[in-house]
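All remarks here apply to the structure that follows.
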Amino acid sequence: MAIVPLTTMSHRELDNLQTALNNALNSLRVAMDGSMLSPLSSQYGTDMHPLDGIDQPTPVGVYEARREALACVAELKNLLQHPFEKAAESTFAMYDFATVQVFIEYGIVDRMAKEPSGVSVKNLQSELNLDPHRLTTVLRHLSVCGWIRETQDGIFALNRSSRILLEGQTGRALISVPDNMRIAEALPRWLKHPEFRFSQSPAHTAFQLANNTTKPFFEWVKNDRNYLNRFAACVDALGEYVTPGIVADYPWETCLESTIVDCGGGKGSLAIALANKFPALRLVIQERGEMVEIAEANIKAHLDPKSVPDTVVAEAHDLFSSQPRTGDNYTFMLRHVLHNWPEAQAVSILEKLAAAAGPKSKILIIERISGHYPDTHVQLEHNLTNAAEITASASLLTEQALVNSSSRMPQALALHLLCILNCHERTLDQWQTIISRAGLVVTGLYKLRAYVSIMECRVIHT
């Protein structure tokens, strides 16, 4: 084997990643200081760090710098990790989820929260009546995954991340949906299933194979109130996570002269958040009949009591029926709706809105756009004090590398929705095809501080 002289060796990829990571971390410090944010720590504290909340958008400079830093870390791991270790991680990844379930369902996380300095395995195993060796092995796996710390031999304490798993927190709702592993195990069979392999039907998914049923997901869950409640809480948590970016990064003031119709708006959480942020907006939540009462209760509970009466109202409407609200006085909004449907049905939903919209009406499609798309029509409140640092460091990583390395969570969600609903993730070109078929044109593309974007559309008038 030829030995390359040391002076001629180039570590260009490693050097670029090192420089990009250093630049991103420097930008992060500057952005955090500019936003008066306290330093980060992985230690568990009595107060949640402001960056861990989901009620406010992450400051722009912090969002961009953190996104690039995490992308660098992911790319460094891909570069440095031994392939066998990567294979082993995938082989045993199911225990990442299973141990977190134990952590939550056995009350360990809530118990540890009462003693921030740490709880011994001896005390835990006595309280839970569990084998101490098995419990220690589970806790050490959680420690490796970054959920807890082993402060001394056999003594474990929460990390900052653990707070998201406490009672009432969104992470707990996300993880508490049962039987996800069983659905994932059905994926290989589903892909090769003789009847299901090319079907677009929501009744032909991995979910049906995993649960030995012919019913579509939403029909099946009607008979399991516990599962339905947990799934609904999970959906709400995902919605809450992206809502601050949606509210902050689109020019909603341009909609003040119209009423926003939230088509398929669920419990109305986004509409309520918009009304609380922009009191002059008027919004209508349209949902299936059985959801109207739930939406009305949510409005009563969470709409600012100082709001003008009927600022937000709920009404029954089917997406595939003619839209009763017509003309320039309406803006139509669909969040996480169209990905539930194959192309033909998605086009039909949009056609109903196109028929109702006036020349000045906007149709806002809020969805994840898969893959790479151009940086156009970006509306963010940039902090110019750190724009130069962000631009300089970002140039060392391609946009595609940033997209790939920051897409693990939304891509996993897309796969899960595919397995239970036959949902469809789409590229920008695929979205534009559907939008065009419905007689609409994209007039604005807004990237948000979230994994979703807003495609602003208008009717094509000839």
Side-chain angles (χ1 to χ4, degrees), residues 35 53-64 239-266 268-286 295 298-299 302-314 323 325-337 353-354 356-367 369 374-385 387 435 440-459 461:
S35 299
I54 59 172
D55 56 337
Q56 296 292 330
T58 303
V60 174
V62 176
Y63 180 87
E64 295 292 351
E240 287 181 39
Y241 181 65
V242 300
T243 291
I246 295 172
V247 172
D249 296 335
Y250 180 79
W252 296 102
E253 62 275 7
T254 62
C255 301
L256 292 178
E257 295 182 2
S258 65
T259 296
I260 299 175
V261 182
D262 189 1
C263 307
S269 298
L270 176 56
I272 294 168
L274 285 169
N276 288 338
K277 177 70 173 179
F278 304 98
L281 287 178
R282 298 293 178 267
L283 300 105
V284 176
I285 303 161
Q286 291 185 339
N298 200 32
I299 294 169
H302 295 105
L303 184 64
D304 188 334
K306 298 190 293 293
S307 297
V308 175
D310 296 330
T311 293
V312 183
V313 298
Q323 174 59 241
R325 295 182 177 268
T326 62
D328 285 333
N329 292 330
Y330 294 101
T331 292
F332 302 98
M333 176 171 71
L334 302 115
R335 179 178 71 162
H336 291 162
V337 172
L353 298 182
K360 297 180 181 179
S361 296
K362 292 188 286 189
I363 298 172
L364 307 178
I365 301 171
I366 308 174
E367 293 280 3
I369 299 175
D375 294 325
T376 56
H377 297 283
V378 182
Q379 300 287 330
L380 292 176
E381 296 176 353
H382 282 281
N383 181 346
L384 299 179
T385 60
I435 290 165
L440 302 170
V441 62
V442 177
T443 56
L445 175 60
Y446 295 82
K447 296 177 75 172
L448 313 174
R449 282 168 279 179
Y451 63 83
V452 295
S453 301
I454 295 181
M455 290 168 278
E456 179 187 274
C457 307
R458 295 182 188 270
V459 176
H461 287 283

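Only heavy atoms go into these numbers, but all of them, side chains included; no hydrogens, no water, no symmetry mates. In this text the structure is predicted, and so the values were computed from the model without any measurement.
Across L283 and A275, no two heavy atoms sit closer than the pair CD1-CB, 3.8 Å. When all heavy atoms are compared, the tightest approach of P279 to T311 is O-CG2, 4.5 Å. Annotation for N298 and G268: closest pair ND2-C, 4.2 Å, computed over non-hydrogen atoms. Shown here for Q323 and F332, the closest heavy-atom pair between the two residues is CG-CE2, 3.7 Å. Smallest separation of non-hydrogen atoms from V459 and A354: CG2-O, 3.6 Å. Across all their heavy atoms, A357 and I363 have their closest contact at CB-CD1, 4.5 Å.
Taking the side chain as every heavy atom from C-beta outward, I285 and I299 approach each other to under 4.5 Å. At least one side-chain heavy atom of L353 sits under 4.5 Å from a side-chain heavy atom of L334. Within the 4.5 Å cutoff, the side chain of I272 has no heavy atoms near those of the D304 side chain. Counting only heavy atoms from C-beta outward, the side chains of I454 and M333 never approach each other to under 4.5 Å. Two residues are said to be in side-chain contact when any heavy atoms from C-beta on lie closer than 4.5 Å; Y446 and P251 meet this criterion. Side-chain contact between D328 and P359 is present, with at least one heavy-atom pair separated by less than 4.5 Å. Proximity of P244 to Q56: side-chain heavy atoms (C-beta onward) are nowhere separated by under 4.5 Å. Under the 4.5 Å side-chain criterion, counting only non-hydrogen atoms from C-beta, V308 is in contact with R282.
The 12-atom threshold is exceeded at OH of Y451, counting heavy atoms of other residues, nucleotides or ligands nearer than 6.0 Å.
Atom CD1 of I260 is separated from atom CZ of R325 by 13.0 Å, given to the nearest 0.5 angstrom. Once rounded to the nearest 0.5 Å, the distance linking OG of S453 with CG of L445 reads 6.0 Å. Within the model, atoms OG of S361 and CG of N329 stand 8.0 Å from one another, a figure rounded to the nearest 0.5 Å. From L274, atom CG reaches atom CH2 of W252 across 5.0 Å, with rounding to the nearest 0.5 Å. From R449, atom CZ reaches atom CG of D249 across 4.0 Å, with rounding to the nearest 0.5 Å. Between the OG1 atom of T58 and the CD atom of E64 there is a distance of 10.5 Å, given to the nearest 0.5 Å.
For the pair E240 (side chain) and D55 (backbone), a donor-acceptor distance under 3.5 Å is absent. Side-chain N or O atoms of N276 include one that pairs as donor or acceptor with a backbone N or O of H302 at under 3.5 Å.
A donor-acceptor pair shorter than 3.5 Å cannot be found between the side chains of R335 and S269. Remark: the K362 side chain and the S258 side chain contain no N/O donor-acceptor pair separated by less than 3.5 Å.
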Original post:
side-chain contact (heavy atoms from CB on, under 4.5 Å) between V337 and I366: does it pass, once the steps are laid out?
Top reply: CA-CA 8 Å; V337 172; I366 308 174; over 6 Å; no
**OP:** Evaluate the criterion side-chain contact (heavy atoms from CB on, under 4.5 Å) for residue pair E456 and L364; output intermediate values, then yes/no.
**Re:** CA-CA 5 Å; E456 179 187 274; L364 307 178; 3.8 Å; yes
